[in-house]
Structures are given as C-alpha cells and as structure tokens.
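Residue numbers start from 1 in every chain, and the chains themselves are labelled A, B, ... in the order their sequence lines are given, proteins ahead of strands.
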Amino acid sequence: MPMEKTFDAAQAEARITALWEAAEAFRAGANARPGAPAFSVMIPPPNVNGSLHIGHAFNNTLQDILVRWHRMRGFDTLWQPGQDHAGIALQLAVENELAQSQIQRRDMTRAAFLDYAWGYKERTADRIVGQLKRLGASCDWSRNAFTMAGAPGDTRIGHENSPNFHDAVIKVFVEMYNKDLIYRGKRLVNWDPRFETAISDLEVENIEVAGHMWHFKYRLAGGETYEYVERDAAGAVNFRETRDYISIATTRPETMLGDGAVAVHPSDARYAPIVGKFVHLPLCDRLIPIITDEYPDPTFGSGAVKITGAHDFNDYAVAKRNSIPCYRLMDTRGAMRADGAPYEQAVLRAREIAAASATTEAEVDSLNLVPTKYRGLDRFEARKQVVADITAQGLAVTVLVKSLDPETGSEHLTLEPVVEAKKIMQPFGDRSKVVIEPMLTDQWFVDTAQIVEPALEAVRTGRTKIIPASGEKTYYHWLENIEPWCISRQLWWGHQIPVWTAMVPNLQGDVGTWSVRVGEDIPLGKAAEFNHKHAQDETALGGKLTPAGLLTMQFCAATAEEAKRQIENVWVSRTGRPLPYKLVEVDSEPKEWPQFLFNTTTKGTDIPIWRDPDVLDTWFSSGLWPIGTLGWPEQTPELQRYFPTSVLVTGADILFFWVARMMMMQLAVVNDIPFHTVYLHGLVRDAKGKKMSKSVGNVIDPLDVIDEYGADALRFSNAAMASLGGTLKLDTARIAGYRNFGTKLWNAARFAEMNGVWEGHTTGPAPTPTATVNKWIIGEAAKTRAEIDDALANYRFDQAADALYRFIWGKVCDWYVEFAKPLFDGPDAIETRATMAWVLDQCLILLHPISPFLTEELWQTTGSRAKLLCHTDWPAYGAEVIDPAADAELTWVTTLIDDIRSARAQMHVPVGLRLDMLALDMDADATAAWKNNETLIKRLARIETLTPAAAAPKGSITIPAPGASFALPLAGIIDIAAEQARLQKTLDKISKEINGLKGRLNNPNFVASAPEDVVDEAMANLVAREDEAAKLETALQRLKELA
RNA sequence: GGGAGAUUAGCUCAGUGGUAGAGCGCUUCGUUCACAUCGAAGAUGUCAGGGGUUCAAAUCCCUUAUCUCCCACCA
C-alpha cells in the first residue's frame, strides 16, 4: 500500500499511543541498559479543578523531550505522573458546579460534599491524563499519583503502584509538629472573605487600584488644646495653629472603629506636647492614647497614624510592641461583627480594660466594639456610613461644595469630606478575586525560618542548580526574607489537620500553664497548647484556673486512636492513675459541655475529642511530591533508585509556591535535595503577548491545536520557542509551519519508498559508502547528532529543534534527496539506497524526542524493526564518520549550483531551459569536484554541457567559483545592463568586505593582539574575496567592451 | 520603593567579542514523476539613543528612554 501524501496525525496518534501502551513502553526502567544511571522527572502535578491549557502542553513537551531522549540513551528512566488536589481551586470548581443545581456547600454535610468532590476529581483527573496522552507524554501511567491519594473518601485506594500520599503528608505534619517546626498561633493572616479561609502571603495578589484617602480629626480628651507648629527644613516656623485635635488619614475608614491608639514618631516635634494624652475615638465612646513608635513617617501625611491592630499588618506590629489591644471588627465574610454582647456592654468592658490592662487575648478577641448601627453591615457599606457619620459630626476634614438642587433649581452649600483620589495597592485573593482582609485568627504555621537554611545552602553550593541562573537570585531573595507559612485553610477539601482536641477536667486544680512536652513516655506526639474555656469566674481571665476549670489540650497524631493513647498517657503521667473516662471522637467541637466536666467526682462518662476541622494548604502536600510519589515513608526500591530526581521542569511563576517549598520540605524530612536541576520556563502568552484568560477569550486549547495540526507540530513549536527566559508568544501560524516540516520529512520517506529504499531495510550502523554525496550526508547527520546532544544537555530545546530543522529540511530534503535521484540510476545505486535508508532512520531517531508520533509511525512502516523507535538506541557517532574532503567538495558543489540558479533567475532565464556552460578556468580541485558531481550539478543547475573555453563569448554571464570561473553564453537572452547591475552589486558587496578585512589586517594592533586563528581566517578570507572580485571585474570589463 | 529582564527584518524571536540570522509574512517565477502543508530566486535592519573599554562591540561597562515581570507595610 503506497504512502499517502500527508501524515494523517489523528488516526496515527491513536494507533501509536495504543502501540506504546500495549508494549508498556514507558514503565519505569523501560529500555534501561544494565547498570545504567537513573534519570527521573516528577511531573508538576496539574490541578484537578479543570483541564490542561497550552502552558501545560508546553511544560510537558519539554519534560517529554528530556525523558524520551534519556530513555533512548539507555538511562533507567522514570517520568512520574500525577495530579494535585488543588485545595481552594477545586473546592471553588465543585461549589460552582453544585450551584448550578441550586445547592450550597453549607447545606451539605462535610462528608457528602467530599463525596461529591471525589467524583468531580475522578472526572477531571481522567480528562487530564487523556490530554497528556494525546500530547504524547511518555509518563509511567501505571504509577499515576495524586496528592490526596489514600485520604478518607478516596475510591481508588490500592491502585497498582499508587502511593498512599495521604499517610505521607500526615506523617510529615506529625514529625514537623514534634520537632516544633509547626505551631499554632493567633496571628494576623490574610483572610479571604469569599472562601472564608486564611490564605498564605503568596496567594495574595497586590493590585494597584483607584482608592481614596480620607482625613479625620480625633479630638483631644477633656477639650485640651495644643500649639501645632510646622517648620521648614531650616527650622523656621511656617505654620502655627492652636488645635484641639490630631489629624488622621486613612484609606479604610471603617477600620477606625477598632483603633486602639494613635501613633506618632518619637522625633516628631509637632506632636510632642500631646504624646501620652488621649483622644476621643469618633463614633465610638472610647478614648485611645497617643503613643510613639518608629513606624510613622513624619514626612508623610499628618505624621500621625491610627493603630488598628486587628486589621492591618503594620498596625499589628505597632500594637504588639506597645501592648495596644487588637479589636477584631469583622466576621469571616468580611461583614461588621454582630456577635457577642451589646455594644454598650462591650464598650464599658473596653474602658475597664484600657484603665486596668487586666485581660486576655481571648477576651479582647471576644469583645465586639462595633457600634450597634454598623453591626452586620458589609465592610464597604460600613465604610460609607462611617464617613457619612464622621462628616456629620464635623470631624472630617471637609470642604464647602456648591451644588444645585435639581428640583427647586436653587443653589446651596454642602459640607463634603475631602477625599483624595489615590492609587493604592490593594490585596486580592488570587482565586477569589475579592479584597483580602487582614484578620486575627488562630492558624497553623510552618516555622520556615528553621528549615530555610539548608534550602538556601543547597543552591548556593550548586547541589541544586537553577536554570536560567537569574532564577537563583529570585530564589535567594525570597528565602532570605521568608515569613512563617500559614498552612491551615478553613476548607473541606484537603488533608485534614491531624490534631485532636480534648477537654480534660483539671482534677488536680493545677494553675498556670502546664503544657505537656514530648517526653520519653509520650513518643507519639505532645500536648501542644493549653487553653481554657468556660471559666467559672473572673480570676480565670488572669490566666489562673479554678479547680473547676478545664484544660483544652491538643494532641497531634496520625490517627484518632493514637491521639487517644496520647491523652491517656498524659493523664497517667500527670495523675499516676488511669484515665477514668472513655474518650470518644465526635465530628466537631461540642456546642455544650457535658455537666460531668464540672463535677470532678463523676466517673465513667465519655470525654469527647474532636479533630481540627481545618485542612492543609495544598502546597504543603505538593511540597512532598518528590518523595511522596515514590512511596515514602516506605523505603521503596523506587525511592532509592529515583530520588533525588534529576530535573524539575516547571514555570517560573511557581518558584516560591512550589520549588522553594519542595526544597525546604525534602531537606527537612529526608535531609536530601529533591532534584539536581530546576529548569524554569516562562509563561505562554497568545500571539500578541497577552495573558491567556477565559474572560478575554484568547485561550488556546491544546486539544484543538492537536486536532488541527497534530501533536508533533505543537510539540515542535514548543521546543522551538523554548529559549531561556522571557515569555513565549504562541502563534498558530508557526505551528502550521512545523506541521509542514513534518509533512516534508514524511514525503522524503515517501520518495524513498517509491525508489525501493526501504526494501529489506533493517536498523543498522552507518554504511561506509564510496560516493562523496553519501559520505557527506552521513557526516551531516553526525554533526546534527552532536548539536542536538549538546543543545539538550544545556536545556536548549530551541537549538535542538533548529538543528533538526536545518538538517532534515535544509540538508536531507533540499540537497540529499535531489542528489540521490540521478544516483539511483547509476553505479552507486545500491549504496545510495542503503545510505538514504540509514539517513532517514537517523532523522526519525533524532527527531523522535520532539515529534514522537510521526517518527514512530514511519519507523514502524519503513523497515523491519527489532524495537519500537522510542526504545531505539540513541546514536553516538561523531567526528569519525565526518569526511572533511567530502564536506569541502559538497560545499563547492552546492555553492556553485546556488550561484548558477541565482544568476539564471536574475537574468530571467526560463526555468526549463538547459544551458551549455563554458569553463573559463578550473584548477585541479575544481576539476575533480566537477567530475565527481557532474551529473548532479547539471541536473540541479539545468546545465546541458560543460566545454572548456579560453574566454567568455559575447553575451554571456560569469559565475565565479573557488578555483574556477564559468560562463553561461546567453546571447540574445540576457539583458546586458541587467547583468552589469547584477555583477556590480555583488562586487560592491565583496569590496565592502575586502575593505573591512584590509582595514583589520593593516592594523598592526589587530595582527598583534587578535588570536592567531582569527588573523589566519581574515587573511584567507581576504585572498578568497580578492580572487572573486578580480573575476567579477574581468567580467564587468568585458561587458563594457560589449556595450 | 526595591529587584530582575527586555528593546535586533513588517511580525515572532535566535545570536554574549571577529563585522547580523531563522521561521512566518512580502515580491517574482514555477503543476516534469517525494512534497503546492511544495520548489527556485529576491527585497527588507544606524542591532532603542548617547558615551566608554577594546585591534575589533548587537555582544562588555556607564547613561538615557520605553516596556514587561517579580517583590514590598507608607497610614
């Protein structure tokens, strides 16, 4: 069956994929040489909240190229696939899907929601795997992993080779907890009011938006006044005024309700008279102190800053330094609090606290100081109200505005607050796109400062290399300034934090803090924090427990059973007797406490313990991807074989999110680097450089591209675009071009088929032909192989693609196939067939890592093959098969053909017209080169005969060549003026070159300073150019005589 | 505010010291047996501006301009 004119990608891809799968061609270690070194790559696990986009196609193409290249080279290769559970992103996707059926997550039980989410995950994970297979990704699919595999609800537990990722994550949490690398604390965190969860710093996008700044007057208590004096740089007074207020600026007026103080810089003379005094907090019936702190910038605004510790990161730090209470104003949805005691009561208590300072953090947090009228309002609504109310009280800096009453037509004056339009950086949730609220909450943190150093050291010493090197600077900068990592999320989808809380009766009447540390007798964890609830009297607020008080104790353990054991152990170690209660796990913190807990004599009642409802940041688990996918904590053979991994190929955008955290966590957990090399690539943009997004509608679906152009074309484009650094603009015109490239190779194979090249062909070593053309193309293949290896070793996928393009299209198709045509009819026919078969095999082998489908298809159909192409040995031939004489001769031949063609085209000689050519002058080398290749030259340059001649006849054009000079008699055909112009143009170009070369060679400094080979090259060039120029001048002279 | 990067042909980009390249697009010609998803030929650049180092600069240094990205707490 003869080959089609084009490669049918759609049907071939399916067939080839099935072929590979049937052969289990991508299993870990497939095609490995005995004793071969390992080459392992962890896929950056795609999120299961959607489908793959073009960036994934790019990323995975690069990985596949490396993996296929190594597999063919006989490395023990593993490409580990898998998916990420994508915490917030998946929960959002599931909630959106449920919303279409009018179902809210809050109306479901956690278990029911998770059940639904697992089903959703199954669908998307299957889709993602299908997409990767369409792309040709040669992952070991039998090992497909998932960052939540093995977690409760997983329906695929026990899948072949699929590691229990959940257990690994939990184990790491417990171990890090026991090493004090993880702690719980009430901190100001980034709170997402849309998802009602904390998020990490990295999940916050700071975006500049148009904002406003208001100015308020906080009046001094007791009607006091002071002299407000401003001075210029020289110290001269340029403003003086008696004031009864301090001026405060804010971009978030609603937070003033939670102010705890006003801060000024200690050196700020303007406010020195009033430091330590109090001001009335507008709208709030409270007095707050004026304090000093280094934070306020005296040169900015009024120099005075309101301190709202619970809603601003800077203010929080100031508040902590100065023991200013942080009053939380908002609920989890970003609305003004409506909980707790009535405002009047809360504000009374706040005054007491301000006077006596006797309180606890817990009490301050429970105090709702939002005045009644603002309670329950959304934060943005509250902002408007606060501004309006302060303005009404005359406490806003205002301006008189003249306005027209639309009904009466009369003018009137109104007092409007001065609102400065101001660009402000506002924090947004990267998933929710809503404004992030700093919120004081209890969260779990990784104490990154403790584990960052080895991660820095590994890159500094080069144990792990980041490519391109600019990524290292970014890496250092972030890690050297690392903040604690908030890892708890108030979500349902994820690894639930393995910490249980029990309310333990304080039988012994212990007072103060008894926190239980890890001890000899408590090997599985520790009681972390000590807390108190339901205190019976006020004294408890001072941190003392009454005998009837309760201890809320937290136990970190891999399972509830282990947590119970720990509780019992602690009890025994504290009391010397067994726990008289039965511990029973309940779903959530009980709303009401069993009375027995207050009656210390009751025995035999159940004590409820419950698990922390929060889940871990998705990056905590993906941070363990390298070891988790290999079966850690089991010492699996794969772990020993493939870890540390060879290279991580990923987008520069997740350097912090993922790469840095994997470095820290692998080093912290198994004390080894996760990978030897990190290759960071840019983001894929559309043809105009715009970010692809669904709302803009410029998203390119990789499957659409594959359907239209084939996976190979997309892959080749990806490789060709992958130069180091920058963003990548993807243009479908370019993909089409590379599809054509595939067709070109396809047709070369088709040509070979038509000429019997494949008959009886088997894979074999390079033939040793006698014909120069055949020697030459073998040498070209060897050069190409070296270029590709060199390029891929340096992650220069673009250079590898370029080398292939130039070899296959520029050398094999443009020249070698054409040269072979006449040879098939001559004495060298047999060796030419053998050489062509071999050369085309090399094209397939060398191109396979980039374009696997078309090459495997041709491989299967062109000869009898012992192995799949994807397992065929990568060639090692080099300089030994390059014949310099053949190389020089073919260069001469191709240059001559080019020159003749060029001259003919410019003289408008009809393409089909065969010309008689005259040899005016030929040295020995040129004569030999001509004789060897006469048929080829005549055929490709359309020359009928070559006759020696003493001089060019009238009406001929001249073709100079190294060691020779030819003439094409074209009397009656050529236009003398045109020929003159042609020659003159060439001569001008050469003269310019000669001038340059002479300029350099005549400069004694050049000859003295430049390297010898550069000087030699320049001299050789000069000789050659002058020779050429002389010939051109002779020809021009002759034309002048004619004219 | 700090950091990184970019600026080369109409477009998208290679090119890190030896006198500028590719693909696409454009112009002209071409259906003879591998390929019109093709072939042959051609045009196109003060390598952002200025200064410096060097025998020699797109390439190294300084500077200016413009753009992009990352990080950051100016109320």
Side-chain angles (χ1 to χ4, degrees), chain A residues 3 5-7 201-202 206 213 248-252 255 263 295-297 299-308 312-318 422 424-425 427 438 468 470-471 473-474 477-478 481 652-653 655-656 682-683 687-689 709 713 717 720-721 723 725-731 733-734 736-755 796 798-799 802 805-806 810 813-814 817-818 821 898 901-906 908 910-912 940 942 992-993 996-997 999-1011 1013-1015 1017-1018 1021:
Chain A
M3 289 172 68
K5 275 192 174 183
T6 54
F7 171 58
D201 299 346
L202 286 178
N206 290 302
M213 189 149 78
I248 299 293
T250 182
T251 56
R252 305 187 51 205
T255 63
Y295 165 61
D297 176 357
T299 65
F300 184 83
S302 70
V305 184
K306 66 196 253 317
I307 300 301
T308 319
D312 183 281
F313 286 97
N314 290 315
D315 293 4
Y316 182 70
V318 175
K422 188 177 190 306
I424 54 173
M425 291 299 273
S470 61
K473 279 189 186 175
T474 317
H477 183 256
W478 189 70
N481 298 287
D653 53 328
L655 179 64
F656 306 145
L683 261 55
K688 290 172 192 152
Y709 302 104
S717 306
M721 290 192 310
S723 57
T727 56
L728 309 131
K729 295 177 193 169
L730 187 63
D731 189 350
R734 192 156 179 191
Y738 292 126
R739 183 266 325 267
N740 297 352
F741 169 67
T743 308
K744 189 75 181 171
L745 175 59
W746 179 265
N747 277 289
R750 182 160 170 264
F751 167 82
E753 185 200 42
M754 289 171 161
N755 287 280
R796 290 304 305 263
D798 58 327
Q799 290 178 353
D802 185 53
Y805 196 97
R806 280 184 285 109
C813 294
D814 284 351
V817 167
E818 295 304 327
K821 286 174 183 173
D898 277 341
R901 281 173 166 175
S902 177
R904 289 177 59 126
Q906 285 177 72
H908 302 290
V911 174
L940 294 179
R942 307 255 155 200
K992 207 177 145 194
E993 257 184 89
L997 288 163
R1000 285 160 66 189
L1001 288 165
N1002 289 340
N1003 182 341
N1005 287 329
F1006 171 70
V1007 182
S1009 324
D1013 57 329
V1014 172
V1015 178
E1017 194 190 328
N1021 270 341

Go through [options] for me and flag the one nearest to the [X] side chain.
X: Arg901(A); options: U32(B), A41(B), A75(B); answer: A41(B)
X: Asp297(A); options: G18(B), C74(B), G42(B); answer: C74(B)
X: Ala249(A); options: A75(B), U32(B), C55(B); answer: A75(B)
X: Tyr805(A); options: A75(B), C24(B), A40(B); answer: C24(B)
X: Lys821(A); options: G18(B), A34(B), A72(B); answer: A34(B)
X: Val817(A); options: U32(B), C55(B), A34(B); answer: A34(B)
X: Ser1009(A); options: A75(B), A34(B), C55(B); answer: C55(B)

Taking pairing as Watson-Crick or G-U wobble with both contacts under 3.5 Å, can you name the mate of [N], or confirm there isn't one?
N: C26(B); answer: G42(B)
N: C69(B); answer: G3(B)
N: A75(B); answer: none

In whole Å, measure the gap between the [atom1] atoms of [N] and [M] for me.
N: U19(B); M: C73(B); atom1: P; answer: 50 Å
N: U46(B); M: U16(B); atom1: P; answer: 22 Å
N: G39(B); M: C47(B); atom1: P; answer: 32 Å
N: C62(B); M: G5(B); atom1: P; answer: 12 Å
N: A14(B); M: U7(B); atom1: P; answer: 7 Å
N: C60(B); M: U28(B); atom1: C1'; answer: 44 Å
N: A41(B); M: A22(B); atom1: P; answer: 13 Å
N: G25(B); M: G17(B); atom1: C1'; answer: 33 Å

* Say whether Lys5(A) and Thr743(A), considering side chains only, have a donor N or O and an acceptor N or O under 3.5 Å apart. => no

* To do: Please confirm whether the backbone N or O of Val1015(A) pairs with a side-chain atom of Arg1000(A), one donor and one acceptor, at under 3.5 Å?
  => no

* **Under 3.5 Å donor-acceptor, Arg750(A) side chain and Met3(A) backbone** => yes

[X] side chain N/O closer than 4.0 Å to the phosphate oxygens (OP1, OP2) of [N]?
X: Lys5(A); N: A36(B); answer: yes
X: Arg796(A); N: G15(B); answer: yes
X: Asn740(A); N: C38(B); answer: yes
X: Ser902(A); N: G42(B); answer: yes

Just how far, in rounded Å, is [atom2] of [N] from [atom1] of [X]?
X: Arg806(A); N: G21(B); atom1: CZ; atom2: C1'; value: 11 Å
X: Trp478(A); N: G3(B); atom1: CH2; atom2: C1'; value: 16 Å
X: Gln906(A); N: G30(B); atom1: CD; atom2: P; value: 17 Å

For [N], does the base pair up with any side-chain atom of [X] as donor and acceptor (N or O, under 3.5 Å, distance only)?
X: Arg750(A); N: U37(B); value: no
X: Arg739(A); N: U37(B); value: yes
X: Lys744(A); N: C35(B); value: yes
X: Glu818(A); N: A34(B); value: yes

* **Contact check, side chains of Ile307(A) and Tyr316(A), non-hydrogen atoms, under 4.5 Å** =>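 Counting from C-beta outward, Ile307(A) and Tyr316(A) never come under 4.5 Å.
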
* With heavy atoms under 4.0 Å as the rule, sort Met425(A) into base, sugar-phosphate or nothing. =>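 Base contact.
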
* Contact class for Asp1013(A) vs. all strands (heavy atom < 4.0 Å): base, sugar-phosphate, or nothing? -> nothing

* On the 0 to 90° scale, with breaks at 30° and 60°, tag the Tyr738(A)-Tyr805(A) ring pair as parallel, tilted or perpendicular. =>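 Tyr738(A) and Tyr805(A): perpendicular rings.
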
